[in-house]
Amino acid sequence: MPTGSPWSVERGEEIICTHKHLAGAALPILHALQREFGFIHREAIPLVARALNLSRAEVYGIVSFYHDFREIPPGRHVLRLCRAEACQSMGADALAERVRERLQVNWHETSADGRVTLEPVFCLGLCACAPAAMLDGRVIGGLDQTRLLALLDEARR
Amino acid sequence: MTRPRIFVPWDAGALALGASAVERALIAEERKRGVAIEIIRTGSRGLLWLEPMIEVETAAGRIAYGPVHGEDIAGLFEPLLEGGRHPLRLGRPEDLAFLRRQTRFTFARCGVIDRQSLADYRRHGGLKGLERALSLGPPAIIEEVTRSGLRGRGGAGFPTGIKWKSTADARAAQKYVVCNADEGDSGTYADRMLMEGDPFCLIEGIVIAGIAVGATKGFIYIRSEYPHAIWTMTRAIETARTEGLLGERVAGSAHVFDLEIRVGAGAYVCGEETSLLDSLEGKRGQVRAKPPLPVHKGAFGQPTVVNNVISLASVPAILAEGAEVYRDLGHGRSRGTIPIQLAGNVKYRGLFEAAFGLSLGEIVDDIGGGTASGRPVRAVQVGGPLGAYFPRALFDTAFDYEAFAARNGLIGHGGVVVFDDTVDMAKQARFAMEFCAIESCGKCTPCRIGSTRGVEVVDRIIRGERRAENLTLLQDLCETMRFGSLCALGGFVPFPVISALTYFPEDFGCAPLGAAAE
């Protein structure tokens with residue numbers, strides 16, 4: 001589930017501590033923080049900076065560089081729709097239009113009921129079963145409008 | 001009595017099409033009928049239009065059924081146990097034309113073996129390459145890889161043996177092998193399939209590379225979009241450690257080698273080797289200026305071999321079978337095999353490993369069977385988002401590095417994305433620029449600014465604003481990006497843009513090819 005536990009400095013410190021020995025620890029730490037809390041809380045940035053002997057600006061620079069890291073909490077579910085060429089060739093653009101209409105959101109936004117965050121993804125490696133999507137880590141291929149809308153309803157329940 | 005053995009893929013592609021529901025239905029049916037079966041989770045054979053494809057072991061070999069869905073199992077269960085008749089029965093997988101016509105060299109075990117079992121890997125010829133490597137010693141391993149003609153399968157096509165030799169010659173207390181599993185090109189999934197279906201093969205290849213260049217530590221940088229590959233590789237590394245394939249005495253030898261996984265964070269540019277190295281070091285994944293080359297100053301400032309998954313996974317078989325077997329396959333200067341990945345709007349979608357040299361037309365029309373939609377094929381993009389769009393007129397191009405380069409294209413990592421006649425090529429050109437703008441690392445100006453300006457110029461052309469002027473501007477911008485960018489992202493994005501404009505001018509509001517000039 002993308003929605004994590006509420007932010008806690010103690011738990012954040014613990015996570016940082018378990019990963020900081022790794023070579024190039026910044027990404028493993030940020031991934032672990034996001035897994036736990038669902039996003040990178042701004043209070044985590046100085047903690048990571050101190051643990052890795054980096055400036056806060058450097059850590060923020062890393063967070064903002066990578067598309068995976070969120071700075072605000074996601075909805076209860078995250079739907080990642082592939083926008084890349086193989087999926088385009090099978091009608092992904094039209095599907096994305098429908099989803100945005102149905103959820104009344106743009107890319108990177110969360111539906112008003114807080115249930116679904118829509119994120120673009122550029123390739124899930126499911127190009128031979130396009131169009132493809134990922135709902136909270138579950139992969140779905142061969143999407144059409146009916147299946148996709150059913151998936152959305154499932155996520156919004 | 002031995003339980004019937006049923007093979008169900010755990011490949012992300014098969015899972016995306018419902019393989020988990022098939023497994024659940026098999027287990028439910030087993031309980032209901034009180035018949036015990038053994039379910040073995042494999043990778044995928046790569047015939048994605050037949051996935052989920054399940055197999056049963058019989059006296060006559062394995063018999064495949066597909067595409068199987070959860071709801072088919074109640075009716076299929078009884079015939080399945082015997083390999084008996086059913087509308088979904090496909091026969092022996094090896095007899096299917098799509099597989100029979102392939103040369104499965106690197107993917108020989110993918111979809112066949114229990115992906116999590118080192119013993120099964122060994123039973124199917126695994127670790128023979130490592131055994132031979134240990135008996136040869138580093139210089140002879142490098143010699144063998146060089147003689148095989150293996151070139152980097154990530155896309156650049158640099159000779160692997162030469163890269164290894166340079167790293168071996170570099171003097172340092174610590175060297176690294178970094179496996180680039182940041183397979184971001186749309187239309188490609190060979191790395192994912194291999195990691196999910198034959199993880200020990202990749203580990204064996206990395207270990208051989210480590211021994212050859214004198215590295216004691218390796219990293220596999222896997223993109224976060226591949227959770228199943230990450231899961232399978234993580235377990236395989238744990239098993240390899242327990243079984244002594246990694247650690248203080250690699251396979252009982254005096255070599256030390258250990259391996260860690262690092263997960264990317266959704267940046268396409270990290271597939272470029274120097275930004276991958278920065279990302280691995282925990283920084284923003286920005287491209288480095290070369291020189292110094294990674295072979296001299298790579299991960300953490302140390303000499304590093306950076307190789308793609310398929311390059312490394314081809315090494316065990318090259319050593320086991322001998323360099324000549326590999327070198328004798330292929331076309332021109334492109335030796336050996338390449339996993340061609342048929343993707344997008346194509347009827348027979350899947351991975352087709354073959355010697356270099358097939359024509360693009362054979363691949364798309366003959367092997368791929370044309371479009372999935374049944375409409376005419378209009379354009380084919382080969383080599384990912386930075387690859388050129390080829391029209392039917394170029395279908396005689398041979399699938400090899402030089403032949404594609406000669407026509408201003410690239411084969412990249414071997415992805416072939418097929419589009420039917422509903423495609424709007426101006427939109428595709430705009431997307432190429434948009435993608436570059438989203439994914440640019442920001443280090444060099446032609447890519448960072450040029451891509452955004454590129455979107456605007458294409459938009460003006462589409463709207464018909466001062467078209468001739470903007471077309472010249474677009475050509476000029478592409479020229480600047482091509483020659484002024486620091487890496488292939490900004491440098492190659494002109495390929496899809498210019499090819500779309502050259503071969504499909506009518507989509508940009510210009511006169512079609514062959515018609516009189518404006």
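A, B, ... follow the sequence lines: proteins, then strands. Residue 1 opens every chain.
- Applying the 6.0 Å contact sphere to CG of A:N53 captures no more than 12 heavy atoms from other residues, nucleotides or ligands.
- Your options are B:P496, B:P227, B:C441, and the one with the most heavy-atom pairs under 4.5 Å with chain A is B:C441.
- Among the candidates B:S373, B:A267, B:P385, B:C270, the residue making the largest number of heavy-atom pairs closer than 4.5 Å to chain A is B:P385.
- Of the atoms belonging to B:V418, it is backbone heavy atoms, and not side-chain ones, that fall under 4.5 Å from chain A.
- Taking the salt bridge (Lys or Arg N to Asp or Glu O under 4.0 Å) definition, one finds that B:E225 meets it with B:R223, sequence neighbours left out.
- Other residues, nucleotides and ligands contribute only 12 or fewer heavy atoms inside 6.0 Å of the OH atom of B:Y348.
- Looking only at heavy-atom pairs under 4.5 Å with chain A, the residue among B:G184, B:G187, B:G46, B:G285 that has the most is B:G285.
- Under the salt bridge (Lys or Arg N to Asp or Glu O under 4.0 Å) criterion, A:D144 pairs with no residue, sequence neighbours left out.
- The shortest non-hydrogen separation linking B:H228 to A:V139 is CE1-CG2, 3.8 Å.
- Scanning residues 86-98 of chain A against chain B with a 4.5 Å heavy-atom cutoff picks out A:A86, A:Q88, A:S89, A:M90, A:D93, ordered by number.
- In this structure, no portion of B:L351 lies under 4.5 Å from any heavy atom of chain A.
- The parts of B:L15 that come within reach of chain A are both its backbone and its side chain, each placing non-hydrogen atoms under 4.5 angstrom from that chain.
- Here the closest non-hydrogen pair linking A:H31 and B:V263 is NE2-O, 3.4 Å.
- Proximity to chain A (any heavy atom under 4.5 Å) is shown, for B:D420, by neither the backbone nor the side chain.
- At a 4.5 Å heavy-atom cutoff, the contact between B:E434 and chain A is made by side-chain atoms alone.
- At a 4.5 Å heavy-atom cutoff, the contact between B:Q428 and chain A is made by side-chain atoms alone.
- Contacts between A:A23 and chain B at a heavy-atom distance below 4.5 Å involve backbone atoms as well as side-chain atoms.
- Within the 4.5 angstrom heavy-atom criterion, atoms from both the backbone and the side chain of A:R83 approach chain B.
- Proximity to chain A (any heavy atom under 4.5 Å) is shown, for B:E51, by neither the backbone nor the side chain.
- With contacts defined as side-chain heavy-atom distances shorter than 4.5 Å, the pair A:F65/B:S279 does not qualify.
- Residues satisfying the salt bridge (Lys or Arg N to Asp or Glu O under 4.0 Å) test with B:D11, not counting sequence neighbours, are B:R192.
- Of the listed residues A:A128, A:G141, A:A26, the one with more heavy-atom pairs under 4.5 angstrom with chain B than any other is A:A128.
- When all heavy atoms are compared, the tightest approach of A:L27 to B:Y221 is CD2-OH, 4.3 Å.
- For A:L22, the CG atom counts as densely surrounded, since its 6.0 Å shell holds more than 12 non-hydrogen atoms of other residues, nucleotides or ligands.
- A:E58 places none of its side-chain heavy atoms less than 4.5 Å from the side chain of B:K283.
- Contacts of B:Q381 with chain A are made by side-chain atoms alone, with heavy-atom separations under 4.5 Å and no backbone atom involved.
- The distance between the ring centers of A:F122 and B:Y268 does not fall below 6.0 angstrom.
- Top candidate by heavy-atom pairs under 4.5 Å with chain A, chosen from B:A265, B:A372, B:G350, B:G415, is B:A265.
- Looking only at side-chain heavy atoms (C-beta outward), B:F419 and A:E85 come within less than 4.5 Å of each other.
- Of all the listed residues (B:A12, B:G282, B:A16), the one sharing the greatest number of non-hydrogen pairs under 4.5 Å with chain A is B:A16.
- Most heavy-atom pairs under 4.5 Å with chain B, from the set A:P120, A:C123, A:C82, A:S64: that is A:C123.
- Side-chain contact between A:P28 and B:R262: present, with at least one pair of heavy atoms (C-beta onward) separated by less than 4.5 Å.
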